Q: 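Before I ask anything, here is the structure I am working with.
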Amino acid sequence: MSVLERQQEAGLTPHTPIINDFSLVVATANGTGSQTANLTLLRSFFKLGIPVHGKNIFPSNIQGLPTWYHIRVSHEGYIARKPSEILVAFNPATAHEDLQELPSGGVCIYNADLKNLPRRDDVVYYPVPVSELIAGIDVPVKRKPYMANMAYVGVVAWMLGVPLEVVEEALGAQFDYRQKLVESNMQVVRRAFAWATENLHKQDPFWLEPMNKTEGLIIMTGNEAGALGAVFGGVSVGAWYPITPSTSFMDALREFLPKLRKDQDGKPTYAVIQAEDELAAAGMIMGAGWAGARALTATSGPGISLMAEFVSYGYFTEIPAVIWDIQRVGPSTGLPTRTSQGDVSFAYTLGHGDTKHPILFPSSIEECFEFGWKSLDLAEQLQTPVFVLSDLDLGMNNWMGQPFEYPDRPLQRGKVLSAEELEALGGFARYKDVDGDGIPYRTLPGTPHPLAAYFTRGSGHNEQAQYSERADDWERNMARLARKFETARDLVPAPAIDHHPSAKVGIIAYGTTRYAIEEARDRLARQLPTSFLRLRALPINQQVRDFVAAHERVYVIELNRDGQMCSILQTEMPDYAARIRSIAHLDGLPLTARWVQERLLQAEANA
């Protein structure tokens, strides 16, 4: 049945329908159980086959402060954050401000218990009698406040035309099909839906109609995807200290490993340890990497600060390890539950003295999974710590994606010598560049050969790993480390490039800014054609240089104040520095396509 037919059958005032194209925000208080209701709506829209994405904007306390959940629905497949046309106002502390931000023609679904809610002539209001709807529900009294949010699920379903069986399916997925929980929540949903059908008159243009654009897709958070990728990459040691927004990465790792990493006798083949702090966690993964295990930690900016000493040690002693940095807003404690790309410069050169580390930049759950195993390969191939810089938006929110592809190659252990190889060679020098790529050979502890041993030290050493303060030994070793970093340029994931043949303007970005940029490029296609290079890693390779060389101006768009990636690119390509320009912004929220459009046009007007 079409939207028009549904309007006529229900005796509704006809509108020019807006189908599968809106943004909805749910405003509640943290700790009230609204996440279940919000994810039920998200999953319901997804089950209708409509491209959808949800972003949770939440406070850094446990309970009581305002929280907002944004759901973007787009038949065109756009998932960047967008100002909301539909507001669910269930938090009296922010209701006035939330209502002011609604555009003309917007919708306000509000808890009828809210008093003195401002009235706007250009907004449609739908009250929800929450107290009445949950009064007769047969659940423990303590749970009733948490069930209140299911009332707006029922009214939203009525307003948008979502069948109740779809909501029930979404609830089933949310509660792992525990029927008692599903049924208790559905009681409220059904009551609210029935009440709205009998008492409300639809006056807005927003509707949902089934599509087939999510068939075969999955929904997952970036942290879950990255942890699963690490398991498929052979991780056997994890160490961490809890910090938002990375804790759920390690929680996922602890969930997946018991299911996927046991020997034939059912015994675990892994260890996951909560350390006393981030410095200890870094020390544990360096020790595990030195011993031959595949090891990782997950943290955020403040944790990276504490890890600096061990990361510097790992760089100089050439120990493989992986560090997932789920970025949040700094400096200092900053905004722990807001997103940013503010750790790029810090992570790239973390450590005292001359250091540089490979960094991977996932932008999707598919890339989180891919980099979950590729980062472990890369760390061993290069014998060095490798960073994966995700962010809170990608790490903690649910994203649509394709089912993950199993690794297409065996584990890449790099230049590890066996006892047989040592016997044939007659020995080895731990820090000697044999192949000209800067990467030395290593042995693993326990290799059954007397020539396998070497001394690992963080102080000056020569090619044989012997202590040395000779100037020539120091210079030779540091030059080799720099040469190894040059080798990394062709080992890290290559950039993704969409080249427009007539574009004079190029855009470079990385991570989750891609979604606002891709939408903005579509909107600007006729007015301002652009090419787009999405960095997937540092250090950069020749493709990046060629991209910059092919455009008159290149704008680096990123989520930090100082244009950190822009500065890195200008430094690494000084001959093109004048044409590389920064468009940087940081308010803790993901970019919108409108903001990108406006800033690009403004930058071009001033070019």
Side-chain angles (χ1 to χ4, degrees), residues 20 22-58 67-74 79 84 86-91 107 109-111 126 128 130 133-134 137-139 143-197 206-211 214 217-221 224 248 396-400:
N20 299 343
F22 60 82
S23 183
L24 177 152
V25 62
V26 180
T28 57
N30 200 36
T32 60
S34 58
Q35 188 73 340
T36 297
N38 299 333
L39 291 177
T40 298
L41 287 174
L42 184 78
R43 290 181 182 273
S44 296
F45 303 163
F46 180 79
K47 286 180 177 295
L48 287 172
I50 307 166
V52 65
H53 176 56
K55 295 185 185 295
N56 193 20
I57 311 298
F58 62 103
T67 183
W68 295 268
Y69 192 77
H70 293 257
I71 297 178
R72 173 80 184 272
V73 172
S74 170
I79 57 175
S84 297
I86 302 171
L87 165 68
V88 176
F90 266 52
N91 186 359
V107 178
I109 299 169
Y110 67 97
N111 188 337
Y126 296 130
V128 184
V130 175
L133 292 171
I134 66 172
I137 298 299
D138 185 21
V139 295
R143 282 186 54 201
K144 281 195 175 183
Y146 297 97
M147 305 285 286
N149 295 307
M150 302 312 294
Y152 66 72
V153 173
V155 174
V156 170
W158 163 83
M159 174 191 149
L160 296 174
V162 181
L164 286 178
E165 57 267 26
V166 174
V167 178
E168 189 166 359
E169 289 176 16
L171 263 175
Q174 185 66 24
F175 287 122
D176 200 21
Y177 301 97
R178 289 172 287 178
Q179 195 55 38
K180 188 174 181 180
L181 280 173
V182 173
E183 185 54 35
S184 62
N185 282 272
M186 278 304 297
Q187 288 184 62
V188 182
V189 175
R190 292 192 192 100
R191 282 191 173 202
F193 190 97
W195 181 90
T197 301
F206 301 105
W207 291 90
L208 290 177
E209 282 195 343
M211 302 179 70
T214 64
L217 301 184
I218 61 174
I219 286 184
M220 201 178 212
T221 69
E224 292 169 329
S248 61
M396 294 193 69
N397 287 321
N398 283 278
W399 299 74
M400 299 182 304

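The shown structure was predicted, so the numbers you read here are calculated from the model rather than taken from an experiment.
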Q: When rounded to the nearest 0.5 angstrom, what distance separates CD1 in Ile79 from OG in Ser23?
A: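 So the CD1 of Ile79 and the OG of Ser23 are separated by 12.5 Å.
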Q: Using only atom types and a distance under 3.5 Å, with no angle test, would you say the side chain of Asn397 pairs donor to acceptor with the backbone of Asn56?
A: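 Yes: the side chain of Asn397 pairs with the backbone of Asn56.
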Q: Minimum heavy-atom separation for Thr36 to Gln174, with atom names?
A: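 In terms of heavy atoms, the two residues are closest at CG2-CG, 4.2 Å.
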Q: Search all heavy atoms of Ile137 against all heavy atoms of Leu133 and return the closest pair with its distance.
A: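 It is CG1-O, 3.8 Å.
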Q: Is any side-chain heavy atom of Val107 less than 4.5 Å from a side-chain heavy atom of Phe22?
A: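 The answer is no, as the side chains (C-beta and beyond) never meet within the 4.5 Å cut-off.
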Q: Roughly how far apart are Trp207 CH2 and Leu160 CG, rounded to 0.5 Å?
A: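 Taking CH2 in Trp207 and CG in Leu160, the distance rounds to 9.0 Å.
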Q: Keeping Thr67 on the side-chain end and Ala27 on the backbone end, is there a donor-acceptor pair under 3.5 Å?
A: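 Side chain of Thr67 to backbone of Ala27, a donor-acceptor pair under 3.5 Å: no, none is there.
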Q: Do Tyr126 and Val156 touch side chain to side chain, with heavy atoms closer than 4.5 Å?
A: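 Counting from C-beta outward, Tyr126 and Val156 never come under 4.5 Å.
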Q: Is there a donor-acceptor pair under 3.5 Å between the side chain of Asn111 and the backbone N or O of Phe90?
A: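 Answer holds: no.
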Q: Could you give the distance from OG1 (Thr40) to CD (Gln35), rounded to the nearest 0.5 Å?
A: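 CD of Gln35 is found 9.5 Å from OG1 of Thr40.
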Q: Out of curiosity, His70 NE2 to Asn38 CG, how far, rounded to the nearest 0.5 Å?
A: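 The CG atom of Asn38 is 10.5 Å from NE2 of His70, to the nearest 0.5 Å.
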Q: Could you give me the CA-CA distance, side-chain angles and deciding distance for Phe206 and Leu24, then say whether side-chain contact (heavy atoms from CB on, under 4.5 Å) is met?
A: CA-CA 11 Å; Phe206 301 105; Leu24 177 152; over 6 Å; no
Q: Check step by step if side-chain contact (heavy atoms from CB on, under 4.5 Å) holds for Val189 and Leu164.
A: CA-CA 8 Å; Val189 175; Leu164 286 178; 3.8 Å; yes
Q: Between Val130 and Ala148, which heavy-atom pair has the shortest distance, and what is it?
A: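 Taking every non-hydrogen atom into account, CG1-CB, 3.5 Å.
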Q: Indicate yes or no: at least one non-hydrogen side-chain atom of Leu48 is less than 4.5 angstrom from one of Met211.
A: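 A side-chain contact under 4.5 Å is absent here.
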Q: Rounded at 0.5 Å granularity, tell me how far OG in Ser184 sits from CE in Met147.
A: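 Separation between the atoms: 4.0 Å.
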Q: Strictly distance-based, threshold 3.5 Å: is any side-chain N or O of Asn149 a donor or acceptor partner for the main-chain N or O of Thr32?
A: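 Yes.
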Q: Could you walk me through whether Leu41 and Tyr152 pass the side-chain contact (heavy atoms from CB on, under 4.5 Å) test, one step at a time?
A: CA-CA 10 Å; Leu41 287 174; Tyr152 66 72; 4.2 Å; yes
Q: Looking at Ala170 and Ser44, what are the two nearest heavy atoms and their distance?
A: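 Here Ala170 and Ser44 meet closest at CB-OG, 3.4 Å.
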Q: Looking at Gly54 and Leu42, what are the two nearest heavy atoms and their distance?
A: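 Closest pair (atom of Gly54, atom of Leu42, distance): N-CD1, 3.5 Å.
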Q: Got a salt bridge between Glu168 and Arg190, using NZ or NE/NH1/NH2 to carboxylate O under 4.0 Å?
A: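 Looking at Arg190 together with Glu168, the answer is yes, because their closest N to O distance falls below 4.0 Å.
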Q: Any side-chain heavy atom of Asn20 sitting closer than 4.5 Å to one from Phe45?
A: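 Asn20 does not reach Phe45 side chain to side chain.
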Q: When rounded to the nearest 0.5 angstrom, what is the spacing between CH2 in Trp399 and CE in Met220?
A: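 Here the rounded value is 15.0 Å.
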Q: Where the side chain of His53 meets the backbone of Asn398, is there a donor-acceptor pair that is under 3.5 Å apart?
A: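 Pair found, side chain donor or acceptor close to backbone of Asn398.
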Q: Keeping the roles fixed (side chain from Thr214, backbone from Leu217), state whether a donor-acceptor pair exists under 3.5 Å.
A: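 Not a single qualifying donor-acceptor pair exists.
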Q: Heavy atoms only: give me the nearest Gly154-Phe193 pair and the separation to one decimal.
A: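 Minimum heavy-atom contact is O-CD1, 3.6 Å.
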